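Take a look at the structure below.
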Amino acid sequence: MPELPEVEVTRRSFAEGIAGATVLSAALGKPLRWPLGCAPSHLAGQRVVAVRRRGKYLLLDLSGGLLLVHLGMSGSLRFAHHLPAPGGHDHFDLVTSQGVLRLHDPRRFGAVVFTTGEQSPLAQKLLGGLGMEPLSDGFSFDAFRQGLRATRAPIKQVLLAGKVVVGVGNIYASEVLFLAGIRPTVPAASIGDARLRRLHTAIREVLALAVERGGTTLKDFSSADGNPGHFQLEARVYGREGVPCLACGTPIRGLKQGQRSSYFCPRCQRA
DNA sequence: CAGTGGGCCTGAGTGC
DNA sequence: TGCACTCAGGCCCACT
């Protein structure tokens with residue numbers, strides 16, 4: 001479900017509320033993608049220092065380690081003083097002195113992992129290979145171009161892989177390529193500077209706007225305080241196969257790249 | 001080593 | 001109404 005904006009909006013919706021809280025207990029439901037990595041009781045007594053984000057991972061800095069949370073395809077978090085008894089798809093509860101943080105995840109591609117810290121082998125395995133943060137100053141045009149020049153793969157797959165830049169999921173990948181006039185199948189290394197600049201700008205602007213709107217193009221997102229996304233960012237190409245392009249009227253085309261669907265306008269995205 | 005495809009899991013939607 | 005099938009917003013890992 002979540003791409004970078006949804007994860008960031010989720011983070012903002014509970015980071016202040018949980019900061020400074022003491023963990024009272026933790027409870028697991030069905031197995032998630034990976035084991036927690038410690039007994040749930042090990043979390044009790046630890047203080048929640050801060051909540052950060054890296055790519056689509058949420059990083060809860062605890063006084064005794066780091067709790068990594070990933071929402072996978074279908075995960076969502078709620079944070080509230082009182083939550084009802086866990087339902088069938090609620091698979092992790094972190095009960096704190098300031099409220100309960102609950103992971104709801106029907107498909108269970110999500111994960112909650114405790115490690116000793118960001119430098120631990122496990123944290124490095126999960127976070128070490130991640131690319132640049134698209135909303136940070138480090139995401140310069142030059143660094144972006146350098147990253148794309150170093151691969152032979154099609155641009156869509158390079159964006160999704162997250163090794164050059166993180167947070168661009170399957171929907172936003174199609175959208176930013178449309179805005180930049182780039183066909184998803186072209187080799188990343190072959191894109192000229194003019195289009196590359198448009199792509200760099202589109203990534204920053206689209207993601208920043210989505211975060212700012214508290215929302216998303218997604219259908220069923222709500223943040224940890226229960227507020228829904230605003231649906232301000234309607235998809236221009238994603239999911240619109242056969243529908244006339246909003247810019248030129250040409251029917252949008254769909255295709256599969258690496259088991260994932262891509263959409264593009266054959267006229268607006270010629271190269 | 002870079003690049004590709006399989007698989008994890010459940011629910012919603014479609015076609016017969 | 002029921003069944004079989006396809007597809008879905010992510011990402012690790014085995015394989016080529």
Side-chain angles (χ1 to χ4, degrees), chain A residues 1-10 28-35 37 53-58 68-77 87-92 103-113 115 121-131 134 147-177 184-190 203 206-207 210-211 215-223 228-229 231 233-242 254-263:
Chain A
M1 152 186 172
E3 302 192 24
L4 183 146
E6 292 73 39
V7 178
E8 176 61 18
V9 168
T10 295
L28 291 168
K30 284 188 186 178
L32 295 164
R33 175 159 201 170
W34 295 297
R53 180 188 56 76
R54 179 74 178 97
K56 294 169 192 166
Y57 285 90
L58 288 169
L68 297 169
V69 178
H70 198 290
L71 302 179
M73 291 275 257
S74 60
S76 61
L77 287 172
H89 295 306
D90 297 326
H91 301 303
F92 180 77
L103 175 68
H104 177 86
D105 187 4
R107 290 176 70 182
R108 293 190 281 129
F109 288 179
V112 182
V113 175
T115 80
L122 182 52
Q124 279 299 303
K125 187 183 77 169
L126 297 176
L127 305 175
L130 297 182
L148 296 189
R149 292 277 189 264
T151 173
R152 303 167 172 278
I155 181 61
K156 167 80 176 336
Q157 316 212 166
V158 175
L159 291 177
L160 275 190
K163 304 294 184 189
V164 176
V165 58
V166 295
V168 182
N170 201 40
I171 294 179
Y172 289 120
S174 280
E175 295 300 303
V176 296
L177 288 171
T185 47
V186 304
S190 74
I203 290 170
V206 169
L207 294 180
V211 171
T216 175
T217 60
L218 308 185
K219 293 179 169 57
D220 56 0
F221 171 72
S222 68
S223 51
F231 311 109
L233 303 169
E234 283 303 318
R236 293 170 173 84
V237 289
Y238 184 84
R240 301 186 74 242
E241 181 172 4
L255 56 85
K256 291 284 181 194
Q257 290 179 283
Q259 331 294 95
R260 313 299 301 280
S261 54
S262 295
Y263 301 89

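Since we're looking at a predicted model, the values are computed, not measured. A, B, ... follow the sequence lines: proteins, then strands. Residue 1 opens every chain.
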TODO: Determine the Euclidean distance between corresponding P atoms of C/dC7 and B/dG5; express it in Å to zero decimal places.
DONE: 16 Å
Task: Length of the CG-P vector between A/L148 and B/dA2, whole Å - done: 15 Å
Short heteroatom pairs, N/O only, protein and nucleotides 10-12 of chain B, under 3.5 Å:
| unit_1 | atom_1 | unit_2 | atom_2 | d |
| --- | --- | --- | --- | --- |
| B/dT10 | OP1 | A/R108 | NH2 | 2.7 |
| B/dG11 | OP1 | A/H89 | NE2 | 2.8 |

Open item on the list: Given A/L103, which partner from the list A/L32, A/L28, A/D90 fulfils the side chain to side chain contact (heavy atoms under 4.5 Å, CB included) test?
Closed with: A/L32
Open item on the list: Can a donor-acceptor pair be found, under 3.5 Å and without considering hydrogens, that links the side chain of A/R260 to the backbone of A/L160?
Closed with: no
Task: Residues, nucleotides or ligands: over 12 heavy atoms within 6.0 Å of A/R236 CZ - done: no
Open item on the list: Using whole Å, what does the distance between atom P of nucleotide B/dG6 and atom CZ of A/F109 come to?
Closed with: 15 Å
Task: Where protein sits on nucleotides 11-16 of chain C, one letter per nucleotide: B base, S sugar-phosphate only, - none, heavy atoms under 4.0 Å - done: BSS---
- [ ] Please name all residues satisfying ring-ring contact (aromatic ring centres under 6.0 Å, His included) with A/F109, sequence neighbours left out, ordered by chain then number.
- [x] none
Open item on the list: I need the minimum non-hydrogen distance between A/P184 and A/I155, along with the two atoms involved.
Closed with: O-CG2, 3.5 Å
Task: Gap separating the CZ atom of A/R108 from the NE2 atom of A/H91, nearest 0.5 angstrom - done: 5.5 Å
Task: Watson-Crick or G-U stems of DNA chain C, 3 or more pairs, under 3.5 Å, by first number - done: B:2-8 with C:10-16, B:10-16 with C:2-8
Task: Distance, rounded to the nearest Å, where A/R152 contributes CZ and B/dC1 contributes C1' - done: 11 Å
Open item on the list: Using OP1 and OP2 only, check whether a side-chain N or O of A/S74 sits under 4.0 Å from B/dC9.
Closed with: no
Task: Residue list, side-chain hydrogen bond (donor to acceptor under 3.5 Å, both in side chains) with A/R152, at least two apart or on another chain - done: none
Task: Interatomic distance where CG belongs to A/N170 and C1' belongs to C/dA8 [whole Å] - done: 9 Å
TODO: Return no unless some side-chain N or O of A/Q157 is found under 4.0 Å from OP1 or OP2 of B/dT4.
DONE: yes
Open item on the list: Please report the distance, rounded to the nearest Å, between CZ in A/R54 and C1' in C/dG10.
Closed with: 16 Å
Open item on the list: Is it the case that the side chain of A/Q257 and the backbone of A/S262 share a donor-acceptor pair, with hydrogens and angles ignored and the cut-off at 3.5 Å?
Closed with: no
TODO: Please measure how far the P atom in C/dC11 lies from the corresponding atom in B/dC1, and state the result in whole Å.
DONE: 23 Å
Task: Residue-phosphate contact under 4.0 Å: A/K156 side-chain N/O, B/dG3 OP1/OP2 - done: no
Open item on the list: A/R107: which residues meet the salt bridge (charged side-chain N to carboxylate O under 4.0 Å, His left out) condition with it, sequence neighbours left out?
Closed with: none
- [ ] Pick the P atom in B/dG6 and in C/dT6, then give their distance to the nearest Å.
- [x] 14 Å
Task: Length of the CG-C1' vector between A/L159 and C/dG10, whole Å - done: 15 Å
- [ ] Establish, with yes or no, whether the OP1 or OP2 oxygen of C/dA8 is under 4.0 angstrom from a side-chain nitrogen or oxygen of A/S261.
- [x] yes
Task: Residue pair A/L4, A/V168: steps toward the side chain to side chain contact (heavy atoms under 4.5 Å, CB included) verdict - done: CA-CA 7 Å; A/L4 183 146; A/V168 182; over 6 Å; no
Task: Pairwise distance OH(A/Y57) to CG(A/L127) - rounded to 0.5 angstrom - done: 6.5 Å
- [ ] Respond yes when some side-chain nitrogen or oxygen of A/Q259 is under 4.0 Å from OP1 or OP2 of B/dT4, and no when none is.
- [x] no
- [ ] Check for a donor-acceptor pair, side chain of A/R149 on one end and backbone N or O of A/A189 on the other, with a separation under 3.5 Å.
- [x] yes
